[in-house]
A.B. asks: 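Questions regarding the structure given below will be posed in turn.
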Amino acid sequence: MKTIHLIAAARPNFMKIAPLYHALKQTDWADPVIVHTGQHYDINMSDAFFTDFQLPDPHIHLGVGSGTHAQQTGRVMIAYEEILMNTPPDMVVVVGDVNSTAAATMAAVKLGIPTAHLEAGLRSFDRTMPEEINRLVTDALADLLWTPSPDGDENLLREGVAPEKVERVGNIMIDSLEMLRSRIEAEQLFMTLGLTAGEYGLITLHRPSNVDDRETLEKICGIIGNITERLPCVFPIHPRTRKNMETFGFMTRLEALPGLKILEPLSYIPFMSLVFHSRMLITDSGGVQEESTYLGIPCLTLRPNTERPVTVTEGTNQLCTPADLEANVNSILNGGRKTGQKPAMWDGKTAERVVASIRRYLS
Ligand code: UDP
């Protein structure tokens with residue numbers, strides 16, 4: 001049996017390891033081991049995803065908790081190196097672009113353990129984003145780079161990565177969605193919230209560039225107020241965003257908006273059930289840009305750039321600034337809806353392709 005470590009740290013990671021865990025588990029040659037670094041550790045941001053995706057409790061828990069970027073990166077490297085030295089796996093798989101992705105890669109590669117990155121090659125070309133630094137470090141070091149779209153391959157080759165390391169496998173987030181589609185469709189959270197299908201917006205915001213600066217966040221709150229006068233919205237609020245809203249004193253004003261429902265962060269199935277029936281998404285999330293493109297739902301991304309350009313060139317995603325967000329919402333409400341198509345290999349078969357790639361590599 002080949003032992004494969006799947007590294008998961010934070011909300012966007014759990015849904016990426018789930019399809020791969022289940023696909024590896026079905027083989028007769030691989031033993032997938034879930035390593036939770038503990039970057040996100042509360043129920044809403046972590047445990048609920050293990051339940052939704054029917055994952056076992058993590059086999060290994062590093063318990064690093066929160067901290068500065070360097071503290072988290074350093075703690076993961078120290079704790080994970082010890083595990084790797086005591087019980088080295090045959091391969092380490094890291095996903096996405098969080099601090100633990102880069103930290104686990106550094107620890108494993110230095111010990112000569114084959115390391116693969118799922119969701120490789122994405123670039124926003126914005127080094128003020130901590131995720132961009134993690135992507136650059138991880139892709140420079142990993143032995144196998146699985147990309148979701150052709151731009152990923154192009155970015156890696158341009159950076160001088162050997163072509164034989166790069167393999168396009170498609171988007172694992174679509175596997176996650178398809179894996180739970182029937183349970184998502186069975187859930188009707190919008191009704192419980194008193195909303196009508198196709199007549200509400202769904203908001204998620206958590207990027208430091210939008211929520212850490214008082215003036216920017218105040219402007220965004222004002223715009224949300226204006227939007228909800230025309231379109232009722234639901235806002236499952238990320239802990240970072242809530243904390244800043246409270247610190248800056250904006251929470252009470254937001255809670256008083258009649259057209260806005262503020263919720264705690266949701267687990268995957270109820271969140272996706274809200275996505276399925278929404279009129280449009282307003283977000284700065286990477287994953288939500290992909291999910292909306294796959295489902296053909298208009299998505300307004302409050303960011304100056306995206307590391308997922310196919311969602312704009314092929315999908316329903318549109319980049320916005322605080323200055324033009326409201327006009328773009330109105331344009332969608334007036335019928336100016338961007339149509340799109342599903343990018344190639346976003347087909348729910350990515351985990352299968354990754355399993356085949358691991359098998360080839362290890363034999
Ligand atoms: N998500 C969720 N509940 C929420 C908000 C998001 O389940 O309340 C899911 C959604 O599927 C999204 C994924 O979490 O694609 C990752 O989102 P997040 O915005 O945390 O991370 P990013 O993709 O920006 O790294």
Side-chain angles (χ1 to χ4, degrees), residues 8-19 39-53 55 94-102 117-119 122-124 126 129-135 138 148 171-181 183-184 187 189-190 193 201-211 233-242 261-278 281-295 297 299-303 305-308 311 315-317 319 346:
R11 180 167 74 186
N13 298 158
F14 307 126
M15 67 272 291
K16 286 171 196 158
I17 63 154
Q39 227 180 290
H40 280 168
Y41 43 83
D42 59 6
I43 292 181
N44 287 340
M45 301 296 285
S46 170
D47 299 6
F49 293 88
F50 282 79
T51 312
D52 277 358
F53 285 101
L55 290 171
V94 297
V95 299
D97 53 21
V98 297
N99 290 335
S100 299
T101 310
H117 183 205
L118 179 54
E119 207 183 77
L122 299 186
R123 297 290 181 269
S124 65
D126 175 0
M129 284 181 82
E131 296 89 343
E132 183 76 352
I133 307 299
N134 293 332
R135 294 180 197 119
T138 306
N171 191 335
I172 195 76
M173 293 285 279
I174 308 309
D175 290 43
S176 322
L177 192 159
E178 288 303 337
M179 199 179 128
L180 295 187
R181 181 184 278 275
R183 288 172 64 203
I184 294 166
E187 173 115 12
L189 179 55
F190 69 93
L193 294 172
L202 178 59
I203 304 174
T204 81
L205 293 171
H206 70 284
R207 293 255 108 75
S209 55
N210 283 327
V211 306
C233 288
V234 193
F235 190 2
I237 196 160
H238 191 281
R240 175 188 198 101
T241 311
R242 177 182 284 277
K261 290 183 193 302
I262 297 180
L263 308 178
E264 287 300 310
L266 294 165
S267 67
Y268 185 80
I269 294 172
F271 179 78
M272 286 310 299
S273 83
L274 285 181
V275 172
F276 269 42
H277 299 285
S278 65
L281 297 148
I282 298 170
T283 195
D284 57 15
S285 154
V288 173
Q289 294 175 58
E290 298 177 335
E291 289 151 349
S292 51
T293 273
Y294 182 68
L295 296 168
I297 299 168
C299 180
L300 299 175
T301 298
L302 200 50
R303 282 181 47 188
N305 50 51
T306 177
E307 61 290 328
R308 293 159 162 93
T311 61
T316 51
N317 190 19
L319 299 183
W346 291 27

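Read the numbers this way: they start at 1 and go in the same order the structure lists the ligands and their atoms. These numbers were taken from a predicted model, which means no experiment stands behind them.
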A.B. asks: Please indicate whether Leu193 has more than 12 foreign heavy atoms, meaning atoms of other residues, nucleotides or ligands, lying under 6.0 Å from its CG.
C.D. replies: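 Count over threshold, so yes.
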A.B. asks: Report yes if some N/O of His238 lies less than 3.5 Å from some N/O of ligand 1; otherwise report no.
C.D. replies: no
A.B. asks: To the nearest 0.5 Å, tell me how far Thr316 OG1 sits from Leu281 CG.
C.D. replies: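 Rounded to the nearest 0.5 Å, the OG1-CG separation comes to 8.0 Å.
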A.B. asks: Using a 4.0 Å cutoff against the non-hydrogen atoms of Pro265, which atoms of ligand 1 qualify?
C.D. replies: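 With Pro265 as reference, the close atoms of ligand 1 come out as 8 (O).
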A.B. asks: Considering all heavy atoms of both residues, which atom of Arg181 and which atom of Phe276 are nearest to each other, and what is their separation?
C.D. replies: NH1-CE2, 3.8 Å
A.B. asks: Which ligand 1 atoms does Pro236 reach within 4.0 Å, using its non-hydrogen atoms?
C.D. replies: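 By the 4.0 Å cutoff, the relevant atoms are 8 (O).
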A.B. asks: Do any nitrogen or oxygen atoms of Arg11 come within less than 3.5 Å of a nitrogen or oxygen of ligand 1?
C.D. replies: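 Checking ligand 1 against Arg11, an N or O pair does fall under 3.5 Å apart.
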A.B. asks: Can you pull out the closest protein heavy atom to atom 11 (O) of ligand 1? Residue, atom name and distance to 0.1 Å, please.
C.D. replies: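 For atom 11 (O) of ligand 1, the nearest protein heavy atom comes out as Glu291 OE2, 2.6 Å.
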A.B. asks: Could you measure the distance from the CG atom of Asn210 to the CG atom of Asp284? Nearest 0.5 Å is fine.
C.D. replies: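 Separation between the atoms: 5.0 Å.
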A.B. asks: Would you mind listing which atoms of ligand 1 come within a distance below 4.0 Å of any non-hydrogen atom of Gly286?
C.D. replies: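 Within the 4.0 Å cut-off of Gly286, ligand 1 contributes 22 (P), 23 (O), 24 (O).
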A.B. asks: In chain order, what residues pass the side-chain contact (heavy atoms from CB on, under 4.5 Å) check against Ser124, with sequence neighbours excluded?
C.D. replies: Asp126, Met129, Glu132, Arg135, Arg303, Asn305, Glu307
A.B. asks: Search all heavy atoms of Trp346 against all heavy atoms of Thr293 and return the closest pair with its distance.
C.D. replies: CZ3-CG2, 4.1 Å
A.B. asks: Parallel, tilted or perpendicular, judged at 30° and 60°: which one describes the rings of His206 and His238?
C.D. replies: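 Parallel.
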A.B. asks: Report, in ascending order of atom number, the atoms of ligand 1 lying under 4.0 Å from any heavy atom of Tyr268.
C.D. replies: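 Under 4.0 Å from Tyr268, ligand 1 has these atoms: 7 (O), 11 (O).
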A.B. asks: Between Val98 and Asn134, what is the shortest heavy-atom contact and its length?
C.D. replies: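 For Val98 and Asn134, the tightest heavy-atom pair comes out as C-ND2, 3.2 Å.
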A.B. asks: Provide, to 0.1 Å, the distance between atom 23 (O) of ligand 1 and the closest protein heavy atom, together with that atom's residue and name.
C.D. replies: Gly287 N, 2.7 Å
A.B. asks: Between Phe53 and Phe14, is the ring centroid distance below 6.0 Å?
C.D. replies: no
A.B. asks: Just going by heavy-atom distances, which of Phe235, Phe14, Phe271 is nearest to atom 10 (C) of ligand 1?
C.D. replies: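 Nearest option to atom 10 (C) of ligand 1, by heavy atoms: Phe271.
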A.B. asks: Note the single closest protein heavy atom to atom 3 (N) of ligand 1, along with its residue, its atom name and the distance in Å.
C.D. replies: Leu266 O, 2.7 Å
A.B. asks: Should the proximity of Ser285 to ligand 1, defined as any heavy atom under 4.0 Å, be assigned to the side chain, the backbone, both, or neither?
C.D. replies: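 Contact part for Ser285 vs ligand 1: both backbone and side chain.
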A.B. asks: Under 4.0 Å from a heavy atom of Ser267: give me the atoms of ligand 1 that qualify, with their elements.
C.D. replies: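 Counting atoms of ligand 1 from 1, those under 4.0 Å from Ser267 are 7 (O).
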A.B. asks: Looking at ligand 1, would Met173 count as a contact under a 4.0 Å heavy-atom criterion?
C.D. replies: yes
A.B. asks: Nearest 0.5 Å, what's the NZ-CG distance between Lys261 and Leu274?
C.D. replies: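 One gets 11.5 Å once the value is rounded to the nearest 0.5 Å.
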A.B. asks: Got the closest protein heavy atom to atom 13 (C) of ligand 1, with its distance?
C.D. replies: Met15 CE, 3.5 Å
A.B. asks: At less than 4.0 angstrom from any non-hydrogen atom of Arg207, what atoms of ligand 1 do you find?
C.D. replies: 24 (O), 25 (O)
